[in-house]
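One structure below.
Note that the coordinates shown come from a computational prediction; the quantities given were computed from them, not determined experimentally. Index from 1, following the sequence.
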Amino acid sequence: MESHGEDKASTSSDSLGEQLYKLVDIYNTGLTEKITGMLLEQKKQEVQKLLSDPGLLEERVNIALKTLEEQSPEETDVSDSSDPDDTEKLGERLFEVVHQIDAVRCADITGMLLEMDHGMLRQVLSDQVMLEMAVQKAQSALLEHGGHTPPWNTTLSSGTHSSESSQT
C-alpha cells in the first residue's frame with residue numbers, strides 16, 4: 001500500500017496532467033496526448049509554470065509540435081512491434097548519449113530509458129532538453145531506490161502513473 005504522502009503526490013501529479021491536457025487540447029493540434037506526455041516529462045515546478053503562463057505554454061506546445069512534425073511517419077506510429085535490432089540500435093545510441101551526461105550510471109539509466117515506448121524514446125533522443133529531463137528522472141529514481149533499478153512501468157514514458165503501475 002502507498003503511504004499517504006505518496007498517494008497525495010500521485011493525485012497531485014494526476015491533477016497536473018489533467019489540467020495540462022485540457023490546456024493543450026485548446027490548441028487543436030490533434031496530438032494532445034503526445035504533447036501533454038512530452039510536457040509532463042519536465043519537473044513538477046516547470047509544469048506548474050506552464051499552467052500559470054499561457055505564453056510559455058504556447059511556446060512549449062509549438063516546440064513539441066515541431067518535434068513531432070519533424071519525425072518520419074514510422075517514428076510517430078506508436079506501435080508495440082519492437083524489432084530486436086531496432087531496440088539494440090536505440091540502446092547503443094542512447095548509451096552513447098547518456099554516457100556523456102552520467103558516465104558512472106549510464107548502463108542503469110540506459111536500461112531504464114529503454115523501457116520507454118520506442119516512439120517516445122526517439123523523441124527524447126532528438127530533443128536535448130527532453131533527454132536531460134529523462135536522465136534526471138532516472139538519476140532521481142536511482143537515488144530514491146538506493147542505486148537499485150526501480151520498476152518503471154509507464155512512469156517515464158507518459159510522465160504520469162497509470163493505474164496498472166500503482167497496483168504493482
Check your understanding: Judged by modelled atom types alone, do Gln136 and Ser140 share a side-chain donor-acceptor pair under 3.5 Å?
Key -> no
Exercise for review: Indicate, with yes or no, if Phe95 and Val135 share a hydrophobic cluster defined by side-chain heavy-atom contacts under 4.5 Å among Ile, Leu, Val, Met, Phe, Trp and Tyr.
Suggested key: no
Review point. Quick one: are Lys137 and Met133 in side-chain contact, heavy atoms under 4.5 Å?
Key: no
Review point. In Å, rounded to the nearest 0.5 Å, how long is the span from CD of Glu41 to CD of Gln123?
Key: 9.5 Å
Practice item. Show your working on side chain to side chain contact (heavy atoms under 4.5 Å, CB included) between Val61 and Leu39 and close with a plain yes or no. Key: CA-CA 8 Å; Val61 167; Leu39 296 176; 4.1 Å; yes
Check your understanding: Val124 and Leu114: same hydrophobic cluster, using ILVMFWY side-chain contacts below 4.5 Å?
Key -> yes
Review point. Are Ile109 and Val97 joined in one hydrophobic group, where the rule is that I, L, V, M, F, W and Y side chains link up if heavy atoms are under 4.5 Å apart?
Key: yes
Check your understanding: Is Leu23 linked to Ile63 within one hydrophobic cluster, defined over Ile, Leu, Val, Met, Phe, Trp and Tyr using a side-chain heavy-atom separation of less than 4.5 Å?
Key -> no
Review point. Nearest 0.5 Å, what's the CG-CD distance between Asp102 and Glu132?
Key: 12.0 Å
Practice item. State which residues pass side chain to side chain donor-acceptor pair (under 3.5 Å) with Lys49; sequence neighbours excluded, sorted by chain then number. Key: Glu46
Point to revise | Spacing of Thr29 atom OG1 and Ile35 atom CD1 [to the nearest 0.5 Å] | key: 3.5 Å
Exercise for review: Report yes or no: does Asn62 contribute a side-chain atom to a donor-acceptor pair with the main-chain N or O of Glu58 at less than 3.5 Å?
Suggested key: yes
Check your understanding: Do Tyr27 and Tyr21 belong to the same hydrophobic cluster, where Ile, Leu, Val, Met, Phe, Trp and Tyr are linked whenever their side-chain heavy atoms lie under 4.5 Å apart, directly or via other members?
Key -> no
Review point. Could you state the interatomic distance from CG (Leu113) to CG (Leu94), rounded to the nearest 0.5 Å?
Key: 5.0 Å
Exercise for review: Would you give the length of the straight line joining atom CG of Leu56 to atom CG of Leu50, rounded to the nearest 0.5 angstrom?
Suggested key: 5.0 Å
Practice item. Only counting residues at least two apart or in another chain, list the ones meeting side chain to side chain contact (heavy atoms under 4.5 Å, CB included) with Val47. Key: Leu16, Leu20, Leu40, Gln42
Practice item. Any chance you could measure Met120, atom CE, to Met38, atom CE, to the nearest 0.5 Å? Key: 6.5 Å
Check your understanding: Do the non-hydrogen side-chain atoms of Thr36 and Asp25 ever get within less than 4.5 Å of each other?
Key -> no
Practice item. For the residue pair Leu143 and Arg105, establish whether any side-chain heavy-atom pair is separated by less than 4.5 Å. Key: yes
Check your understanding: Taking side chain as C-beta onward, heavy atoms only, is Ile101 less than 4.5 Å from Leu131?
Key -> yes
**Study point:** Heavy-atom side-chain contact between Glu96 and Gln100 under 4.5 Å
**Key:** no
Review point. What closest approach, in Å, do Thr67 and Ser126 show between heavy atoms, and which atom pair accounts for it?
Key: CG2-OG, 3.9 Å
